[in-house]
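None of these values were measured; they are calculated from a predicted model. Letters A, B, ... are given to chains in the order of the sequence lines, protein chains preceding strands, and every chain is numbered from 1.
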Protein chains: 2
Amino acid sequence: MLISEAARLFGNKGYENTSMRDIAAAVGILPGSLYHHFSSKEELFVAVYSFAVSQSVDAVKTAIKTRPDPWVRLEAACIAHMQGLLDKNRFAAVLVTHPSASGLPEQVVTLRDSYEAVFKDLIAELPLPAGIDQRIFRLGLLGAMNWAITWYRPCGETPASIARKLLSATRRE
Amino acid sequence: MLISEAARLFGNKGYENTSMRDIAAAVGILPGSLYHHFSSKEELFVAVYSFAVSQSVDAVKTAIKTRPDPWVRLEAACIAHMQGLLDKNRFAAVLVTHPSASGLPEQVVTLRDSYEAVFKDLIAELPLPAGIDQRIFRLGLLGAMNWAITWYRPCGETPASIARKLLSATRRE
DNA sequence: CTTCTAACCAAACAATCGCTTGTTTTGCAA
DNA sequence: TTGCAAAACAAGCGATTGTTTGGTTAGAAG
């Protein structure tokens with residue numbers, strides 16, 4: 001499938017290092033034929049990003065369903081996020097690969113915000129101490145998780161284990 | 001200065017989006033003249049990265065000097081890191097812009113490890129609960145901080161304030 | 001069978017990339 | 001003043017980029 005192949009390439013090599021020829025070759029068509037489906041590389045990327053966001057939202061919402069305890073819900077969401085980011089299909093990797101260089105398209109910002117809103121709600125449920133800034137807490141947690149894509153190795157710890165450990169550092173006894 | 005101008009461009013636009021022509025224009029020479037100082041773009045980037053690492057190490061070590069309390073030391077280090085990453089000269093921004101695409105040069109990995117070793121030592125000093133994985137704690141904290149480059153806006157909170165809030169979420173009362 | 005359209009091929013376009021080559025300028029030392 | 005090496009210029013190389021154009025194929029509808 002075109003979108004998922006492009007997502008895999010964007011996620012693995014980044015936006016700039018993935019050429020339209022790379023994507024075409026992965027799908028098995030000629031480069032020019034891509035422009036029958038998308039009018040530009042950026043439009044294709046937006047479609048890929050949108051696909052990744054909906055996949056991630058689904059994965060997280062499925063994971064937190066039926067869990068009542070706020071901390072357990074957040075942990076389940078983090079595990080789902082890390083698995084989407086680091087496991088074999090890595091559909092969420094594209095969410096963290098587009099650099100902010102020269103401004104990323106407006107639609108992408110909106111999509112990203114819609115995903116982070118899920119975590120915003122989960123954090124709002126937590127019985128956090130009064131002094132904790134929920135926004136910074138959310139951005140910090142997402143950063144700690146997303147940064148893992150720079151150091152994670154498949155041979156080491158499992159993504160779920162990493163997620164649990166990252167969260168345990170923020171959760172007081 | 002050549003290195004600092006290149007660092008500013010690499011930090012702002014990323015490695016792939018910064019051309020040798022961009023750097024030459026910023027310094028005020030012709031593109032080909034850069035190859036009198038560095039034999040390749042990658043060699044120039046390694047020099048820039050090395051410069052950024054030594055700047056960052058100096059800033060952090062200066063910040064923690066004379067501080068005795070382990071948590072205060074780590075907080076001072078985080079504030080210094082965030083300021084180098086986000087403040088006006090942003091000499092540390094280049095440390096987080098090179099994507100892992102197709103493997104980053106070996107020297108860069110060594111340099112990055114030498115910087116993270118400073119944080120490793122600081123965390124080893126902490127009176128952390130037995131269950132906390134120090135390595136994951138370090139990677140999570142650095143990720144939470146480095147990720148701020150994707151959402152930080154100069155008009156908002158100060159880098160030092162962000163650093164304190166990020167750390168307060170991990171520090172148990 | 002004809003007609004139409006979506007999908008793709010084949011070939012190339014202009015622009016930009018990192019980099020090379022040969023020459024000229026600059027600045028300092030003898 | 002002369003000599004020399006570092007530094008910068010001037011021009012272009014081959015390769016790759018995103019993209020365009022025009023023709024070809026396949027399958028469904030009439």
Side-chain angles (χ1 to χ4, degrees), chain A residues 1-52 93-109 111, chain B residues 1-52 93-109 111:
Chain A
M1 204 265 204
L2 210 172
I3 297 282
S4 56
E5 276 300 318
R8 189 179 57 85
L9 288 171
F10 281 141
N12 284 339
K13 311 200 302 171
Y15 180 79
E16 313 292 344
N17 287 316
T18 302
S19 69
M20 296 295 268
R21 285 168 175 81
D22 291 338
I23 299 170
V27 183
I29 61 177
L30 291 190
S33 304
L34 287 175
Y35 289 83
H36 178 72
H37 304 274
F38 303 95
S39 66
S40 72
K41 184 183 182 182
E42 181 167 301
E43 184 180 304
L44 168 58
F45 179 80
V46 171
V48 166
Y49 197 98
S50 173
F51 168 77
V94 71
L95 301 181
V96 303
T97 51
H98 202 18
S100 59
S102 66
L104 54 177
E106 178 187 354
Q107 308 178 47
V108 167
V109 176
L111 287 164
Chain B
M1 206 265 204
L2 210 172
I3 297 281
S4 56
E5 276 299 318
R8 189 178 57 84
L9 288 170
F10 281 141
N12 286 337
K13 311 200 303 171
Y15 180 79
E16 313 291 344
N17 287 316
T18 302
S19 69
M20 295 296 269
R21 287 169 174 83
D22 291 338
I23 299 169
V27 183
I29 61 176
L30 291 190
S33 304
L34 287 175
Y35 289 85
H36 178 71
H37 304 275
F38 302 95
S39 67
S40 71
K41 183 184 181 182
E42 182 166 301
E43 184 180 303
L44 168 57
F45 179 80
V46 170
V48 166
Y49 198 99
S50 173
F51 168 76
V94 70
L95 300 181
V96 303
T97 52
H98 202 19
S100 60
S102 67
L104 55 178
E106 178 188 356
Q107 307 179 48
V108 166
V109 176
L111 287 165

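With rounding to whole Å, B/Lys41 atom NZ is found 13 Å from D/dT16 atom C1'. Nucleotide C/dT16 holds its C1' atom 13 Å from the CD atom of A/Glu16, rounded to whole Å. Between A/His37 atom NE2 and C/dC9 atom P there is a gap of 9 Å when expressed in whole angstrom units. Taking atom CD1 on B/Ile23 and atom P on C/dG18, their separation rounds to 8 Å, with Å as the unit. Look at OH on B/Tyr15: it is 13 Å from P on C/dC17, rounded to the nearest Å. Rounded to whole Å, the distance from CD on A/Glu42 to P on D/dG18 is 13 Å. Per the geometry, CE belonging to B/Met20 stands 14 Å off P belonging to D/dC9, to the nearest Å. D/dT16 atom P lies 19 Å from atom CG of B/Asn17, rounded to whole Å.
Checked against D/dT19, C/dG18, C/dC8, the side chain of A/Ile29 finds its nearest nucleotide in C/dC8. Checked against C/dC19, D/dT20, D/dT17, the side chain of A/Arg21 finds its nearest nucleotide in D/dT17. Candidate nucleotides C/dA7, D/dT17, D/dA7 were compared by shortest atom distance to the side chain of B/His36, and D/dA7 ranks first.
Within the structure, a side-chain polar atom (N or O) of A/Ser33 is placed less than 4.0 Å from OP1 or OP2 of C/dC9.
Distance check: A/Phe10 CZ to A/Asn17 CG gives 11.0 Å after rounding to the nearest 0.5 Å. The structure places CD1 of A/Ile23 at 10.0 Å from CD1 of A/Ile29, a figure rounded to the nearest 0.5 Å.
The residue from B/His37, B/Glu42, B/His36, B/Glu43 that alone fulfils the side-chain hydrogen bond (donor to acceptor under 3.5 Å, both in side chains) condition with B/Ser39 is B/Glu43.
Using the six-membered ring where Trp is involved, A/Tyr15 and A/Phe45 have ring planes that are perpendicular, over 60° apart on the 30 and 60° scheme.
Among the protein residues, A/Leu30 comes within range of the nucleic acid bases, having at least one heavy atom under 4.0 Å from a base atom.
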